[in-house]
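Scroll down for the structure; my scribbles are underneath it.
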Amino acid sequence: VIAALGLLVGIVLGLVVQPDVPTGLEPYLPIAVVAALDAVFGGLRAYLDGIFDDKVFVVSFFSNVVIAAAIVYLGDQLGVGGQLSTGVIVVLGIRIFSNVAAIRRHLFHA
Amino acid sequence: MPEQLTREANRTANRPGLPPPDAARGALPDQVVMPLLDRIVRHSLDEDYQVVAARKTRSRRGRRPLSRYRAATAPPRTGRPRHVGAAVMAVFGVLVAIAAAQTSRNAPEENASRASLIEQVQARRDTVALLQERLERLRSSTTAVRAALVGSTQEEQALGARIKRLEVRTGFTAVTGPGVRITVDDAPHGDLTQQVRDSDLAILVDGLWNAGAEAISVNGKRLTNLTAFRNVGPAIHIGITPLVPPYSVLVVGDPETLAANLLEGTFGQQWYSLVESLGFVYEIKPAAALSLPAARPRRLRSVRPLTDDPELSRPGQGQVTAP
């Protein structure tokens, strides 16, 4: 509940402040969001599995965001462009889907 | 240490979602034997959660034996980490909000650029259509011009041939070619009436023209369609140049048919009867290569304006003759 509240507060804060993202960081934002989404769903599933741990959640969240951004940056520097971020999106997407499936199993017992 | 490793292996084997390690698989790590996508799906949950949970279970099991599940679902210990989790969620919310705001802020720009691109594409497409139309027009006009060119070329060739013919006939250019060499002289030991007169030579030349001669010269004087023979006293003149017998007539034409044609024509008959009756010296020999000079250029006698009217430009019509 507190986490959901935090999410709400964060969204409201982001919408109210609307900080300007530096142009250099702009390409990394969407993939960072996807990585964060993966960490959040992982945390939710762990919580429902009963093995949730704050420290693990925080570490996985920030490491996911940083690594995703770093991969995109690396792809840009290597000249492979969007392909590398596509790979990241695919892997993260699969993880998110299977995590959500596990969550659904917990919530609806189906 | 070896004991701990064994326990670690047992824990891994008991992890939920993992298949029991069989003999073959146990030898190799997961990432070697499992397909990549399978592995991603199986390990969708961060292993850290399980590792930490297992560690906790182990430390708790030291005090009182509890099932793994109950140990994990036991209420968390302190309030502080929960707040940390909430703060991280807040950060996540900020991230999401920023990304969404950024995307929606960029949307008008992208739409505008797309609209302008579509506009440009449309404009270019119109230009291409216009250019293609123009190309079509130019192509058809090229075809027309080419046809006209073919016509003009044929006309030019015809005119060139006609000019050539006229040049030869009018003595405008020197002519070389095969033909016959004719020698005519007064009758030997004849009286005055047996001399070759202008009318006699004129008959011969007319006969030669009719027989198909292309160019004729008499004593090196080129004959044209305007040349006249005149008697001035006993001497024959061509124009104003007197001729001295014997008269050497060079004719360019077909040497095989010229003599025969001369015999068949009216003027030829007339000429032969003159030769017979008056006893002229007359000799005709074929020649392989004759060279006839050009006639003296004549003064311009008549001009007519160049018009596009084919009726007027035809020779002999619409002529303005100088006095």
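Remember, it's a predicted structure, so these values are computed and weren't measured experimentally.
- Only the side chain of A:Phe61 comes within contact range of chain B, with heavy atoms under 4.5 Å apart.
- Heavy atoms of A:Val33 lying under 4.5 Å from chain B belong to its backbone as well as its side chain.
- No more than 12 heavy-atom neighbours from other residues, nucleotides or ligands sit within 6.0 angstrom of CD on B:Glu156.
- The parts of A:Leu37 that come within reach of chain B are both its backbone and its side chain, each placing non-hydrogen atoms under 4.5 angstrom from that chain.
- Looking at A:Phe62, only its side chain comes within 4.5 Å of chain B, counting heavy atoms on both sides.
- Ranked by non-hydrogen atom pairs under 4.5 Å with chain B, the options A:Ala32, A:Gly43, A:Pro30 are led by A:Gly43.
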